[in-house]
Amino acid sequence: MASFLDPVKGFGVTFRTMFKPTTTEEYPEYVRPVPPRFHGRHVLNRHPDGLEKCIGCELCAWACPADAIYVEGADNTEDNRMSPGERYASVYQINYLRCIFCGLCIEACPTRSLTMTNEYELADDSRESLIFTKEDLLAPLLPGMEQPPHPMRLGNSDKDYYLGGVSQK
Amino acid sequence: MGLEEKLPSGIVLTSVEKVVNWSRKSSLWPATFGLACCAIEMMATGAGRYDLARFGMEVFRASPRQADLMIVAGRVSQKMAPVVRQIYDQMPEPKWVIAMGVCASSGGMFNNYAIVQGVDHIVPVDIYLPGCPPRPEMLIDAILKLHDKIMEEPLGANLRRRERPDYQPRELVASSVRYTKDGKKAARAGSEA
């Protein structure tokens, strides 16, 4: 008798499943937020006055296990000041075809200039467009920020930016 | 390929092109092609939670003759390269390739003599998908961008469209920007918090 009912039992499982809640995530229509510390695309942050936090030290490039980061530093001058302190990154590139999103560059960054966002929809159809340059990576100017180059607004030296009156955000 | 290639350009060809492209993108059949860890995410994408069946492509074909999309998931070693090429050659036209993950796209962190530095050295790649490995949403995003590319593929006489000086390839938009319904997104995010 049991052997006669067995095939019907299978349909029973199928039937019961109809009343269970679905687990499918309907991704493109409803995007579920990722965990806050998800490793997504990088961003190059700015000081509250708009100067770049990146000082072109290349520690991120040295830390990168995939050699995905290329930095070229240059000297700040009084007329052309991109960041507080002596140097800034004149060229900053991250090759997303090499980057493995491990976050070692974030740990290496001494000024918290380089951090990661939660953005992950990076697929593209050419290799060139996946090498992100400084224009793609720099954080947008928030209200109150000023497009560099401009002189230091929040102190007399870079130490003021790191230690004193400027909030560490 | 068929009769549609003989049609003169005009309303008829454009309509046929739309229908053909729509049917092609609505049932892409991927070849089972997992080479490394990315394949785990690819399997997760095909399974119930992310459910590629929503895009008409849950059937990962074990035979390249029945497949028209190759998702190269993982690092391709020099020894594997001829096999990849052979599978690509065995797939019937029209066919598309997604390089899934950084290893397939460019060699990734394996910059050495054993790994092919990007699968585009052996097969033409339509979509590069960064990530190590990319999460299922990223793969779905890449697939949707590929759908978008397929939709604007010209047919027959319309191929000349690409030679015009004012031709602009369609820009690929992130899927969350393109498809997300804003009101419901907020509601769902709130309910899960």
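Numbered from 1 within each chain, the chains take letters A, B, ... in sequence-line order.
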#### Entry: Contacting moiety of B:Ile127, where chain A heavy atoms sit under 4.5 Å
both
### Query
Where does B:Arg135 contact chain A at under 4.5 Å (heavy atoms): side chain, backbone, both or neither?
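The side chain, not the backbone.
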### Query
Under 4.0 Å between a Lys/Arg side-chain N and an Asp/Glu carboxylate O for B:Arg49 and A:Glu25?
yes
### Query
So what's closer than 4.5 Å to chain B heavy atoms on A:Tyr27: side chain, backbone, both or neither?
both
Any link between [X] and [Y] through a network of hydrophobic side chains (Ile, Leu, Val, Met, Phe, Trp, Tyr) touching at under 4.5 Å?
X: B:Val123; Y: B:Ile98; value: no
X: A:Tyr70; Y: A:Leu59; value: no
X: B:Tyr88; Y: B:Val83; value: yes
X: A:Ile106; Y: A:Val43; value: no
X: B:Val102; Y: B:Leu35; value: no

### Message
Taking 4.5 Å as the heavy-atom cut-off, does anything in residues 70-79 of chain B contact chain A, and if so which residues?
### Response
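From residues 70-79 of chain B, none sit under 4.5 Å of chain A.
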### Residues in residues 104-117 of chain B near chain A [non-hydrogen atoms, under 4.5 Å]
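Contacts with chain A: B:Ser105, B:Ser106, B:Gly107, B:Gly108, B:Met109, B:Asn111, B:Gln117.
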### Task
Tell me, out of B:Leu144, B:Leu172, B:Leu129, B:Val177, who's got the most heavy-atom pairs with chain A below 4.5 Å.
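Result: the option with the highest number of such pairs is B:Leu172.
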### Task
Against chain A, work out which of B:Arg54, B:Met100, B:Lys149 has the most heavy-atom pairs shorter than 4.5 Å and name it.
B:Arg54
### Query
Atom CD of A:Glu119 and atom OG of B:Ser176: how far apart are they, to the nearest 0.5 Å?
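Rounded to the nearest 0.5 Å, the CD-OG separation comes out at 8.0 Å.
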### Task
Could you grab the distance from atom OH of A:Tyr96 to atom SG of B:Cys132, nearest 0.5 Å is fine?
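The OH atom of A:Tyr96 sits 14.0 Å away from the SG atom of B:Cys132.
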### Message
Can a donor-acceptor pair be found, under 3.5 Å and without considering hydrogens, that links the side chain of B:Ser175 to the backbone of A:Pro28?
### Response
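No, B:Ser175 side chain to A:Pro28 backbone: no donor-acceptor pair under 3.5 Å.
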### Task
Search all heavy atoms of B:Tyr128 against all heavy atoms of A:Leu97 and return the closest pair with its distance.
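Nearest heavy atoms, B:Tyr128 then A:Leu97: CB-CD2, 3.9 Å.
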### Task
May I ask you to list the residues in residues 121-138 of chain A that approach chain B closer than 4.5 angstrom, counting heavy atoms only, ordered by number?
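Residues A:Glu121, A:Leu122, A:Ala123, A:Asp124, A:Asp125, A:Ser126, A:Arg127, A:Leu130 are the ones that qualify, each having a heavy atom under 4.5 Å from chain B.
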### Task
Could you please state which residues from residues 74-90 of chain A sit under 4.5 angstrom from chain B, measuring non-hydrogen atom to non-hydrogen atom, sorted by number, or 'none'?
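Near chain B, by residue number: none.
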